[in-house]
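Everything quoted here is computed from the prediction, not taken from an experiment.
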Amino acid sequence: MKKLAKDWLDLEYKPQLPANKEMGIGIIGAGEIIEACHLPAYEMAGLRVVGIFDMNRDRAVQLAAKFGIPKVYRSLEELLADPEVKFADLAVPAKVQPSIAERAAAAGKHILCQKPLAESYPEAVRIRDACARYRVKGAVNQQMRWSPSIRASHTIIKRGWLGELLQASIQVNVKQDFANWGWLREMPTLEFMYHSIHYMDAIRFLFGTPEYVYADGARFPGQQTIGETRTLLHMKFAGEARGIIHDNHNHIATEEDWYATYRFEGTQGIIKGTNGSLYNYPVGREDTLSFHTKAIHEDYWFTPQLHGKWFPHAFMGTMGELMRAVEENREPENSVEDNLKTMQMVFGAYLSMKENRPVTLAEIASKVPVLV
């Protein structure tokens, strides 16, 4: 082997946490994602949640009791006025997120937003502008970047083991009935906006921002939702790199035939594996990853064992990165500013579907003035 074997054993994929875990978090929203992912992840990480607010107070009280949260606020204003709350964790619908984010920023709270940022690109930009105006840090809960396989892939790529990047592919074929969430039934922008947005952000994290996207979306006969549930997205990067996301949520056979796979290729290597969280959903399993690289060995597939899952372990990464950014006085990796590029991909995909053509990200960005 060209390098020591131990180099491939530590792929630096586990979320990093702040030195000061006592900085207070205030939770805005008490839905399923908070119960299943945010709060379990913060508990595992030893982060301090000081209070929670939801319009459904009974639900907030229930989660406070379950997770030992000391305060249940009677209003959003009460949460934002609490000096113990340094970070506002927003888990609210996209249509109301910009206004709540602006109020939290105005109160001096650093904010972790849910994805998607907003239901339109100009509304998403409002959040970026509010963070700048009130000089707070803003990040987005694009937690797939901290899923074990994606973070490990980033380490492999960063070390140069793939050489020049050429091809990114994420393919998903599962049964997931979006109609189980009532608010998604009437959503005209569905799969790209609320699911493949994860894969767009993950590929952009690994390969950089594409120049343009070319998208197609379709329904499944008899589906109860009005938005697209089968999608195909082509991405063109600078140079020779290309990407594809192929997603179907209408698998008709047994779960044994479901798959959620990824593959990243370059001139010197290949990474491939599975996204474990979509197997045996919603319980999930750990990711798998194998990689081959000429930089270490000409004819060998490395298969490290990864620990942790996308849900809930990766949620430690998004909040942990925001907290570390505040400690280190820098922008978080998952900043609102950075996430606008992912939103350009999403809205570019819908424009591409509508007009059946490639759409550059610059075209979406030009719809609002640049912040000076």
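- Side-chain contact check for T209 and R204: at least one donor-acceptor pair (N or O, by modelled atom type) lies under 3.5 Å.
- By the 4.0 Å N-to-carboxylate-O rule, E77 lies close enough to R103 to be salt-bridged with it.
- Comment: E228 does not engage R219 in a salt bridge, judged by the lack of any side-chain N to carboxylate O separation of less than 4.0 angstrom.
- Ion pairing of E331 with K137 is present here, as a side-chain N (NZ or NE/NH1/NH2) and a carboxylate O approach within less than 4.0 Å.
- For D54 and Y73, the side-chain atoms include no donor-acceptor pair closer than 3.5 Å.
- Ion pairing between E333 and R145 holds under the 4.0 Å rule for side-chain N and carboxylate O.
- Under the 3.5 Å distance criterion, with hydrogens and angles disregarded, no donor-acceptor pair is assigned to the side chains of Y262 and N275.
- In this structure, R230 does not pair ionically with D247, as no charged nitrogen and carboxylate oxygen lie closer than 4.0 Å.
- E327 has no carboxylate O lying under 4.0 Å from a charged side-chain N of R324, or vice versa, which leaves the two without a salt bridge.
- Salt bridge annotation for E123-K95: absent, with no cationic side-chain nitrogen under 4.0 angstrom from a carboxylate oxygen.
- Residue K236 places its NZ atom among more than 12 non-hydrogen atoms of other residues, nucleotides or ligands, all under 6.0 Å distant.
- Nearest heavy atom pair, residue W258 against residue Y279, reads O-CE2, 3.7 Å.
- The closest side-chain donor-acceptor pair between T229 and N250 falls under 3.5 angstrom.
- In this structure, K309 does not pair ionically with D287, as no charged nitrogen and carboxylate oxygen lie closer than 4.0 Å.
- Looking at R185 and D177, no side-chain N of the basic residue comes within less than 4.0 Å of a carboxylate O on the acidic one, giving no salt bridge.
- A donor-acceptor contact closer than 3.5 angstrom links the side chains of S196 and E191.
- A donor-acceptor pair shorter than 3.5 Å can be found between the side chains of T288 and T274.
- In this structure, E363 pairs ionically with R357, as a charged nitrogen and a carboxylate oxygen lie closer than 4.0 Å.
- Taking the charged nitrogens against the carboxylate oxygens, K71 and E78 have no contact shorter than 4.0 Å, which rules out a salt bridge.
- No more than 12 heavy atoms of other residues, nucleotides or ligands lie within 6.0 Å of CD in E32, so this atom counts as exposed by the packing criterion.
- Around atom CE of M55, no more than 12 heavy atoms belonging to other residues, nucleotides or ligands sit under 6.0 Å away.
- The nearest pair of heavy atoms linking R59 to A30 is NE-O, 2.6 Å.
- Side chains of Q268 and W161: no donor on one and acceptor on the other come within 3.5 Å.
- A salt bridge does not link E12 to K14: none of the charged nitrogens lies less than 4.0 Å from a carboxylate oxygen.
- In this structure, the separation between CH2 on W301 and NE2 on H292 is 6.5 Å, given to the nearest 0.5 Å.
- Donor-acceptor pairing under 3.5 Å is recorded for the side chains of Q344 and Y121.
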